[in-house]
Novice: 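Would you mind keeping the following structure in view while I ask a few things?
For clarity, every value in this text was computed on a predicted model and none was experimentally measured.
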Amino acid sequence: TTSLAISSTNGHITIAGGSDDYVDVESVRFTDNQIGINGDTDIITLTSGAAKVTGTLNVTAATQLDTTLGVTGAVTLADDVTMTKAAAALTHSGTTSLAI
């Protein structure tokens, strides 16, 4: 069993240990750059300037994206689509037909 070393400097807490170590805070597990729970430890993976969500992301309030949304797979919209630009386009770049 590997022990963890806990140190503090100027209010910052550092927890360090060997490989495959993790820290549980309540029911949340932190392992290296991943956040999850016991049994599903990589729900969120953090890298420089990015967060990757593995599984389902449910958003229950208004959300704003400041760049392009890339989607792989089917998209289901449960409400109207509003386009706010003065001139907007709906473009299909596939090689088969488009049905609206």
Side-chain angles (χ1 to χ4, degrees):
T1 302
T2 302
S3 62
L4 295 174
I6 301 173
S7 61
S8 176
T9 305
N10 298 326
H12 299 279
I13 297 173
T14 301
I15 301 172
S19 63
D20 297 327
D21 289 331
Y22 58 86
V23 175
D24 284 337
V25 178
E26 297 288 338
S27 61
V28 178
R29 177 163 289 182
F30 298 87
T31 308
D32 192 31
N33 65 332
Q34 297 176 328
I35 303 169
I37 57 176
N38 185 4
D40 195 358
T41 59
D42 62 348
I43 296 170
I44 300 171
T45 301
L46 304 174
T47 57
S48 181
K52 176 184 176 184
V53 176
T54 304
T56 301
L57 174 65
N58 292 314
V59 179
T60 59
T63 303
Q64 177 176 329
L65 297 174
D66 293 330
T67 188
T68 302
L69 173 63
V71 177
T72 302
V75 175
T76 301
L77 301 172
D79 208 336
D80 295 337
V81 174
T82 303
M83 302 171 81
T84 59
K85 279 179 65 176
L90 178 61
T91 305
H92 176 258
S93 61
T95 57
T96 59
S97 63
L98 171 66
I100 298 180

Novice: List the atom of Ile37, the atom of Ser27, and the distance in Å for their closest heavy-atom pair.
Specialist: CG2-O, 3.3 Å
Novice: Could I get the full list of side-chain hydrogen bond (donor to acceptor under 3.5 Å, both in side chains) partners for Asp24, not counting sequence neighbours?
Specialist: Arg29
Novice: Specify the closest pair of heavy atoms between Met83 and Ala88, including all atoms of both residues, with the distance to one decimal.
Specialist: CE-CB, 3.5 Å
Novice: Distance from Thr41 atom OG1 to Ile35 atom CD1, nearest 0.5 Å?
Specialist: 11.5 Å
Novice: Check for a donor-acceptor pair, side chain of Thr63 on one end and backbone N or O of Ala61 on the other, with a separation under 3.5 Å.
Specialist: yes
Novice: Quick test of your reading: applying salt bridge (Lys or Arg N to Asp or Glu O under 4.0 Å), list the pairs with at least one residue in residues 38-53, sequence neighbours left out, ordered by first then second residue.
Specialist: none
Novice: Between Leu69 and Val75, is there a shared hydrophobic cluster once you connect ILVMFWY residues whose side-chain heavy atoms come closer than 4.5 Å?
Specialist: yes
Novice: Is it true that Val71 and Leu57 fall in one hydrophobic cluster, defined by side-chain heavy atoms closer than 4.5 Å?
Specialist: no
Novice: Closer than 3.5 angstrom, by distance alone: can the side chain of Asn33 be matched with the main-chain N or O of Thr45 as a donor-acceptor pair?
Specialist: no
Novice: Under a single-linkage definition using a 4.5 Å side-chain heavy-atom cutoff for Ile, Leu, Val, Met, Phe, Trp and Tyr, are Leu77 and Leu65 assigned to the same hydrophobic cluster?
Specialist: yes
Novice: In the single-linkage hydrophobic clustering (I, L, V, M, F, W, Y; side-chain heavy atoms under 4.5 Å), do Val59 and Val53 co-cluster?
Specialist: yes
